[in-house]
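Residue numbering restarts at 1 for every chain, and letters A, B, ... go by the order of the sequence lines. Values below: every heavy atom of this structure, side chains too, minus hydrogens, waters and symmetry copies.
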Amino acid sequence: EVQLVESGGGLVQPGGSLRLSCAASGFTFSTYYMSWVRQAPGKGLEWVANIKQDGSEKYHVDSVKGRFTISRDNAKSSLYLQMNSLRAEDTAVYYCARGSQLLDYWGQGTLVTVSS
Amino acid sequence: VVMTQSPLSLPVTLGQPASISCRSSQSLVHSDGNTHLNWFQQRPGQSPRRLIYKVSNRDSGVPDRFSGSGSGTDFTLKISRVEAEDVGVYYCLQTTHWPPTFGQGTRVDIK
């Protein structure tokens, strides 16, 4: 059974940093693109970033470029999102999802709240 | 690419059909010949769940009352007979063009 479990969310002050993790199981992690998607409270879905199977290619939406970095560790079947210079508008539930065009499996999400 | 869904709110009577439109600002036909238009369901308090991929392909376990159709820039998700468990928000997503973009979401509830 495919499982994606996010962790690392929490309350952080504006300008602060957080590192999100996503532990994958039930499939061969190293053979899939992976993505992060976020959802602000009461709002719609916004794709954030994705990463190629071997980590050689990474793409970030313009609103987070230069502040967020997606990465992965295939040996640990884990996906990460390093978030720096956080802003109030980054407050959201962050989901990891399998694939880039697929997005066929999603985790339960982890809440990031940016507030003083 | 801007994805525009309509309506944004859809009250439906149990057992009646429902239809959601999704229009893209550009053609979603990819250079690989596929049209990467997906539909997701998000029930209250849950993560999104993919229902339909590449316009009309139903995911495993998705009831056959859900169907997707369309081409180019104009797509539709239909529920043939709405059941109580179908309440939630439905999103279209294009992954043909960079970056991937979602529609605003359509909230389906029971009248």
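The structure places OG1 of Thr101(B) at 12.0 Å from CG of Leu45(A), a figure rounded to the nearest 0.5 Å. Between the OG atom in Ser47(B) and the CD atom in Glu6(A) there is a gap of 7.0 Å [rounded to 0.5 Å]. Atoms CD and NZ, from Gln104(B) and Lys43(A) in turn, are 12.0 Å apart once rounded to the nearest 0.5 Å. A distance of 12.0 Å separates CG of Leu37(B) from CD of Gln101(A), quoted to the nearest 0.5 Å. Distance CG/Asp59(B) to OH/Tyr105(A): 8.0 Å, rounded to 0.5 Å.
Neither Val29(B) nor Val1(B) shares a network with the other; the hydrophobic side chains, linked directly or stepwise wherever heavy atoms of I, L, V, M, F, W or Y lie under 4.5 Å apart, form separate groups for each. Tyr80(A) and Leu18(A) fall into different hydrophobic clusters, where Ile, Leu, Val, Met, Phe, Trp and Tyr residues are linked whenever their side-chain heavy atoms come under 4.5 Å apart, directly or through other members. Hydrophobic clustering (ILVMFWY, side-chain heavy atoms < 4.5 Å, transitive): Tyr95(A) and Val5(A) are in distinct clusters. Cluster annotation: Val2(A) and Ile51(A) are assigned to the same hydrophobic cluster (Ile/Leu/Val/Met/Phe/Trp/Tyr, side-chain heavy-atom contacts under 4.5 Å, transitive). Following chains of ILVMFWY side-chain contacts shorter than 4.5 Å, one cannot reach Leu10(B) starting from Leu8(B), and the two form parts of different hydrophobic clusters.
Taking the six-membered ring where the residue is Trp, the centroids of Trp47(A) and Phe102(B) are separated by 6.0 Å or more.
For the set Arg49(B), Gln94(B), Gln42(B), the entry with the most heavy-atom pairs within less than 4.5 Å of chain A is Gln42(B). Put simply, of Pro100(B), Gly105(B), Pro99(B), the one with the most heavy-atom pairs under 4.5 Å next to chain A is Pro100(B).
Heavy atoms of Ser100(A) lying under 4.5 Å from chain B belong exclusively to its backbone. In this structure, the portion of Gln46(B) lying under 4.5 Å from any heavy atom of chain A is its backbone and not its side chain. In this structure, chain B has a heavy atom under 4.5 Å from the side chain of Val37(A), while its backbone stays farther away. With a 4.5 Å cut-off on non-hydrogen atoms, Tyr59(A) touches chain B through its backbone and its side chain both. Interface remark: Tyr91(B) contributes side-chain atoms only to the contact with chain A (heavy atom separation under 4.5 Å).
For Lys58(A), the NZ atom is densely surrounded, since the number of other residues' heavy atoms within 6.0 Å is greater than 12. Crowding of Arg65(B) atom CZ: a count of heavy atoms from other residues, nucleotides or ligands under 6.0 Å exceeding 12. Residue Arg67(A) qualifies as enclosed at atom CZ: its count of foreign heavy atoms under 6.0 Å is above 12. Surrounding CZ of Arg81(B) are at most 12 heavy atoms belonging to other residues, nucleotides or ligands under 6.0 Å away.
Counting heavy atoms from C-beta outward, Leu103(A) and Phe40(B) have side chains that approach closer than 4.5 Å.
Screening residues 20-41 of chain A for salt bridge (charged side-chain N to carboxylate O under 4.0 Å, His left out) gives Arg38(A)-Glu46(A), Arg38(A)-Asp90(A) as the qualifying pairs, with residues at least two apart or on separate chains.
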Exercise for review: Please assess Asn50(A) against Trp98(B) for the test side-chain contact (heavy atoms from CB on, under 4.5 Å), listing each intermediate value before the final yes or no.
Suggested key: CA-CA 11 Å; Asn50(A) 69 10; Trp98(B) 182 260; 3.8 Å; yes
